[in-house]
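What you see is a predicted model, and the numbers here were worked out from it, not measured in a lab. Protein chains get the first letters and strands the later ones, always in sequence-line order, with residue 1 at the start of each. The basis for the numbers below is simple: all heavy atoms, side chains too, and nothing from hydrogens, waters or symmetry mates.
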Amino acid sequence: MERNEKFLKLKRALFDKCYAHLNDMQKEAVYTVNGPLLILAGAGSGKTTVLVNRVVFLIKYGNAYYDNRIPEFVDDEYIFEMERALASPDKSDAEQMLPDFAANPCPPYRVLAITFTNKAANEIKTRLSSALDDPDMANDVWAGTFHSVCMRILRVNCEKIGYKKEFTIYDADDTKKAVSNAMKRCYLDEKQFPIKTVIAEISRAKERLISPSLYSDEYASDYRKSKIARVYEEYQRTLRESNAMDFDDIIVNTVELFKRNPDILDYYQRKFKYICVDEYQDTNSAQFVLTSMLAEGFRNIMVVGDDDQSIYKFRGATIENILGFDKEFDDSKVIKLEQNYRSTATILDAANAVIANNKGRHKKQLWTDGDVGEKIIVRCLSDQNIEAKDIVDTIYREVANGKRKYKDFAILYRVNSQSNSIERAFAKSAIPYRMLGGTRFSDRKEIRDVVAYLQLVANHNDRERLLRIINEPRRKIGEKTLDAVSQIAAEQNCSMFEIIENASQYTALSRSAGTLEDFARLIKRLTAVAQSQTLPDLFDAVLNLSGYRAMLEAAGEEEKDRLDNLDEFKSSIIEYVSKTDEPTLIGFLEENALVADVDRYDESADAVVMMTIHSAKGLEFPIVVIPGFEDGIFPGIQNIVGNPDDMEEERRLAYVALTRAKEKIYILHTKSRLLYGQTQFNPVSRFVTEIPEKYIEKEEPFAPWEADLNGGSRPKVYIQNGMSVSASKSRGYSSPKSPWDSPVSQPKITPAQPIFNKKEGVGAKFVPGDRVLHMTFGEGEVLSVRPMGADTLYEVMFDKVGIKKLMATYAKLKKI
DNA sequence: ATGGGGCTGCTTTTT
DNA sequence: GCAGCCCCAT
């Protein structure tokens with residue numbers, strides 16, 4: 001007996017020794033593998049580290065730490081061995097013993113780790129493969145976003161719920177078009193029923209797993225909602241007809257699949273012995289139901305999250321999931337991670353003070369044993385342009401004196417439109433910068449068009465994609481013809497494509513039967529190509545046989561950029577083919593739909609980064625600059641007049657912003673601000689006043705031109721106080737365009753400019769004359785380098801294909 | 001059928 | 001301030 005107890009004690013001591021790089025709470029989280037576990041992980045508390053370590057732990061050792069069984073091999077000699085390993089200064093002596101203690105280690109393919117973003121999923125995958133010695137093992141773990149995990153299940157099982165295997169995915173834009181069409185068919189006026197509201201309402205219903213018929217029943221007595229119910233029903237019907245799903249459907253249909261097929265659910269319940277869910281505060285109820293269903297088998301579910309960082313209520317996330325987890329799983333264990341490894345004590349204390357004003361939260365207090373650090377700088381500037389110049393100048397000074405690199409800085413703002421003035425200021429300076437959240441590469445028309453062709457080739461029933469490209473390039477297939485086709489398709493209860501294929505059989509289509517059938521033949525021909533040739537070949541076939549390339553070439557110089565973009569898109573296809581084991585059209589389309597461009601951003605580039613606070617969640621930067629920290633902007637006006645819950649969400653957003661910073665924060669606000677064509681006069685944000693004075697240093701702006709521009713004669717034009725501005729009200733009699741009403745005349749020479757005289761973007765990797773290699777174009781010579789917006793535009797003379805213009809972010813050029 | 005000019009609207013957004 | 005979209009003129 002004595003020996004057994006000694007063994008267990010020593011075993012745990014050995015684990016503790018090997019996991020000494022984790023704090024006690026983190027270790028606890030890693031060791032606790034069985035049963036429901038809620039980890040409340042404050043910002044910067046090593047959440048991902050815990051998650052990865054825990055997955056590795058259960059793959060290597062299973063329930064080793066808490067298992068009380070005594071292995072047969074334990075004898076006095078073994079105990080002696082353990083004691084020696086424990087005392088040894090060499091940690092690897094202890095590490096070598098750990099595998100002996102493994103208790104039901106879990107095969108990697110039985111672990112499911114769900115995240116919200118591809119970025120997070122990729123990070124987990126990379127860290128797993130370096131932590132597990134065998135890279136194959138890491139690949140076997142089911143690590144992915146909710147959507148990618150569900151897609152993996154649906155691709156195998158979708159026929160059970162009436163979808164064909166090649167179903168396609170509708171993104172936000174396709175959804176908008178499809179809903180808009182559904183509204184037309186229901187005779188709903190988009191003026192009375194703004195499409196945004198309708199889409200949000202439908203999405204909200206789906207997130208709560210409310211089907212069109214349930215929705216219709218529930219709101220039968222509500223005039224507006226019963227109208228929306230009709231649209232919802234019609235939209236859902238078209239999706240079915242199109243053999244397509246929108247993003248919400250991917251989750252909803254997986255739940256539906258499980259509900260209707262207990263055997264399939266049972267299979268996955270048995271398969272996934274361990275389930276981990278990251279960012280649990282962002283889950284909606286459909287996702288909650290999904291994970292709960294899967295976890296019912298083994299009940300080994302771990303969720304990690306931070307209720308204080310829940311900032312997605314507006315898109316259906318329900319904070320109740322995390323607040324109520326310990327009630328849903330009554331035997332759950334709760335672990336709080338409050339030690340912060342990211343920020344200075346000053347930053348943490350400030351953030352704690354702000355978030356403490358919220359009522360509905362699990363109490364947490366971040367702390368660090370690190371430095372106090374610098375105070376938070378608060379500056380008041382006169383307007384948004386001066387504010388932007390102040391940012392430029394601040395960054396320039398810190399970089400010039402050698403202390404900082406450009407990439408140490410992040411500009412985090414509340415609304416995207418704040419980026420305009422800042423981007424202008426950066427563009428005039430020589431500071432390299434990247435902006436997240438602009439127009440995405442894959443949102444460009446030509447890319448969407450060619451993707452629509454590919455989607456239609458993969459799935460002939462895809463109505464939205466068919467409508468998008470049937471007359472692109474022009475084929476003289478007009479709206480009336482398509483209405484007729486749609487009509488017949490509805491009557492015959494089949495897809496539009498099937499009607500088009502056999503157009504000559506329908507008298508209503510007699511006039512355009514020829515062109516319609518030509519189009520069907522084109523798609524069928526491309527389908528044959530898809531079956532017999534490679535994806536890049538298919539891509540070329542689409543552009544050539546459809547006449548799309550000819551159309552762009554005919555337009556000449558004007559559409560040159562589009563052709564370049566398409567070439568660029570081809571290289572992303574080639575990249576997909578080369579990195580994927582079994583590349584398929586469906587696989588490519590799926591990746592294209594579920595993986596955003598943002599994931600391709602090159603993080604190593606030395607450039608200042610600009611983004612909204614929302615997109616900064618999960619990231620960290622040495623220095624964070626928060627412009628527009630004003631009542632009216634942040635918190636936004638809607639949330640000041642709105643209900644108190646919205647204010648709490650806004651405060652959480654402030655908390656997220658502050659806790660992104662490792663070392664230093666600049667808070668900026670202005671006396672007047674031109675936004676959405678309106679001048680506002682906002683007081684400093686209430687969140688700033690919630691930060692105790694002792695953490696703040698009010699500082700005069702660096703900008704030496706401030707006095708000149710502001711001090712003198714510029715008259716102030718009051719429109720309304722920012723607090724009560726209502727953008728729509730003052731329209732119509734907008735003030736005349738007086739010279740002083742337009743943005744402060746941009747001085748041609750800023751103090752910054754003589755200092756950095758730029759021509760070639762400082763962040764640029766190449767200079768004219770460099771030889772570069774491109775995936776599709778081959779070798780070439782860089783002719784010019786031009787900073788363009790958030791990116792750099794290269795003009796390259798390729799040996800084989802001549803001059804091309806390429807964006808740095810997408811072009812993946814290599815120097816040779 | 002198509003393109004240009006005016007009108008409107010406008011948090012936050014990943015998948 | 002600006003983009004996206006609707007409507008009207010060609």
Sequence-distant partners of A/Asn416, side chain to side chain contact (heavy atoms under 4.5 Å, CB included), two or more places apart: A/Tyr413, A/Thr612

A/Ser615 side chain near B/dT13 phosphate (N/O to OP1/OP2, under 4.0 Å): yes

Qualifying residues under salt bridge (charged side-chain N to carboxylate O under 4.0 Å, His left out), relative to A/Asp646, sequence neighbours excluded: A/Lys313

Distance, rounded to the nearest Å, where A/Asp248 contributes CG and B/dT13 contributes C1': 12 Å

Side-chain-base donor-acceptor pair under 3.5 Å for A/Arg315 and B/dT14: yes

Rounded interatomic separation in angstrom, taking NZ from A/Lys196 and P from C/dC5: 12 Å

Give every pair of a protein N or O atom and an N or O atom of nucleotides 1-7 of chain B that lie under 3.5 Å apart, one pair per line with the distance.
from  : atom 1 : to       : atom 2 : distance (Å)
B/dT2 : OP1    : A/Arg474 : NE     : 2.7
B/dT2 : OP2    : A/Arg474 : NE     : 3.3
B/dT2 : OP2    : A/Arg474 : NH1    : 2.7

Salt bridge (charged side-chain N to carboxylate O under 4.0 Å, His left out) involving A/Lys176 - partner list, sequence neighbours excluded: none

Side chain to side chain contact (heavy atoms under 4.5 Å, CB included) partners of A/Thr580, counting only residues at least two apart: A/Tyr576, A/Pro583

Distance in angstrom units between A/Gln680 CD and C/dG1 P, rounded: 13 Å

Within 45° cone and under 6.0 Å: A/Arg315 NZ/CZ vs A/Tyr312 ring: yes

A/Tyr312 OH - B/dT11 C1' separation (whole Å): 12 Å

Proximal nucleotide (of B/dT15, B/dT13, B/dT11) relative to the A/Asn416 side chain: B/dT13

Rounded distance (Å) that lies between atom C1' of B/dT14 and atom CZ of A/Arg204: 14 Å

Note: A/Asp278-A/Lys47 ion pair, threshold 4.0 Å (strictly below): yes

Spacing between A/His147 atom NE2 and B/dT14 atom C1', to the nearest angstrom: 8 Å

Residues forming a salt bridge (charged side-chain N to carboxylate O under 4.0 Å, His left out) with A/Arg651, sequence neighbours excluded: A/Glu690

Test of ring centre spacing under 6.0 Å for A/Phe116 and A/His147: no

Closest to the A/Gln638 side chain, choosing from C/dG1, B/dT13, B/dT11: B/dT11

Of all pairs that satisfy salt bridge (Lys or Arg N to Asp or Glu O under 4.0 Å), the ones with a partner from residues 196-208 of chain A, not counting sequence neighbours: A/Glu201-A/Lys225, A/Arg204-A/Glu207, A/Lys206-A/Asp246, A/Lys206-A/Asp249

Listed nucleotide nearest any side-chain atom of A/Phe247, set B/dT15, B/dC10, B/dT13: B/dT15

Interatomic distance where CE belongs to A/Met183 and P belongs to C/dC5 [whole Å]: 14 Å

Closest nucleotide among B/dT15, B/dT12, C/dC6 to the A/Glu190 side chain: C/dC6

Sugar-phosphate only, base, or nothing, as touched by A/Phe116 at under 4.0 Å among non-hydrogen atoms: sugar-phosphate

Neighbours of DNA chain B within residues 281-293 of chain A, by heavy-atom distance under 4.0 Å: none

Separation of B/dT13 P from A/Glu650 CD (nearest whole Å): 12 Å

Anti or syn - B/dT11, cut at 90° from 0: syn

Euclidean distance for C1', B/dT11 against C/dC6 (whole angstrom): 25 Å

Distance test, side-chain N/O of A/Asn118 to OP1/OP2 of B/dT15, below 4.0 Å: yes

Touch class at under 4.0 angstrom, heavy-atom based, for A/Lys176 against every strand present: sugar-phosphate

Under the side chain to side chain donor-acceptor pair (under 3.5 Å) test, residues paired with A/Ser486 that sit two or more places apart: A/Arg463

5' precedence on DNA chain B between A/Arg414 and A/Phe146 (nearest-nucleotide basis): A/Arg414

